[in-house]
Amino acid sequence: MRVVTSPGTLCVEDTGPGLESSDRERAFERFYLHERYGRERPVGTGLGLAIVKELTEAMGGTVEVSSEPGTRTAFHRQVGRSRTHACACGVISADDHDR
């Protein structure tokens with residue numbers, strides 16, 4: 001696992017089995033990943049990502065997932081003011097509005 005931070009940005013990347021595109025679309029739904037993968041691989045309860053997304057959005061931020069099946073998954077959280085930059089985990093983030 002790798003964690004990269006900068007002011008307002010947090011990126012967490014692992015080298016696990018990754019997520020298919022259909023799973024990425026639903027990764028932040030409560031219990032989805034637990035129900036989908038709970039028997040195949042160690043996963044949490046299915047609440048963590050939903051809580052992260054809800055709290056991040058309540059603070060006016062964004063959270064995204066990128067993944068390469070069989071290789072890696074990265075979660076990118078951005079809150080507050082920032083300039084356009086490339087997250088070390090590989091996702092370009094931009095906040096083009098003032099808060």
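Residue numbers start at 1 and run along the sequence shown.
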Gap separating the [atom1] atom of [X] from the [atom2] atom of [Y], nearest 0.5 angstrom:
X	Y	atom1	atom2	result
Cys11	Arg2	SG	CZ	6.5 Å
Thr15	Glu68	OG1	CD	12.0 Å
Leu10	Thr5	CG	OG1	7.0 Å

- Message: Under 3.5 Å, is there a donor on one side chain and an acceptor on the other for Arg77 and Thr56?
- Response: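 Yes, a side-chain donor-acceptor pair sits under 3.5 Å.
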- Message: We want to know whether His76 and Thr9 form a side-chain donor-acceptor pair, criterion being a heavy-atom distance below 3.5 angstrom.
- Response: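 No - no donor-acceptor pair under 3.5 Å links their side chains.
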- With Arg30 via side-chain contact (heavy atoms from CB on, under 4.5 Å) - residues at least two apart: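 Here the qualifying residues are Leu47, Ala50, Glu54.
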- Message: I'd like to check the side-chain contact (heavy atoms from CB on, under 4.5 Å) partners of Pro17; sequence neighbours left out, ordered by chain and number.
- Response: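 Listed in chain order: Arg41.
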- Query: Hey, does Thr73 have a side-chain heavy atom less than 4.5 Å from the side chain of Val65?
  - Reply: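 Side chain of Val65 against side chain of Thr73, heavy atoms only: contact under 4.5 Å found.
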- Message: In the structure I gave you, are the side-chain heavy atoms of Arg24 and Pro69 within less than 4.5 Å of one another anywhere?
- Response: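 Yes, side chains in contact.
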- Task: Before accepting this row, confirm whether a basic side-chain N of the pair Lys53/Glu57 lies closer than 4.0 Å to the acidic partner's carboxylate O.
- Result: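 Judged by the 4.0 Å cut-off on N to carboxylate O distance, Lys53 and Glu57 do form a salt bridge.
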- Query: Is any NZ, NE, NH1 or NH2 atom of the basic residue among Asp14 and Arg72 found under 4.0 Å from an Asp or Glu carboxylate oxygen of the other?
  - Reply: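 No salt bridge links Asp14 with Arg72.
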- Glu35: which of Phe31, Tyr32, Tyr37 passes side-chain contact (heavy atoms from CB on, under 4.5 Å):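 So, applying the side-chain contact (heavy atoms from CB on, under 4.5 Å) to Glu35 and each of Phe31, Tyr32, Tyr37, only Phe31 qualifies.
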- Item | Minimum-distance pair of heavy atoms, taken over all atoms of Ser67 and Gly18 |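 For Ser67 versus Gly18, the nearest heavy atoms are OG-CA, 3.3 Å.
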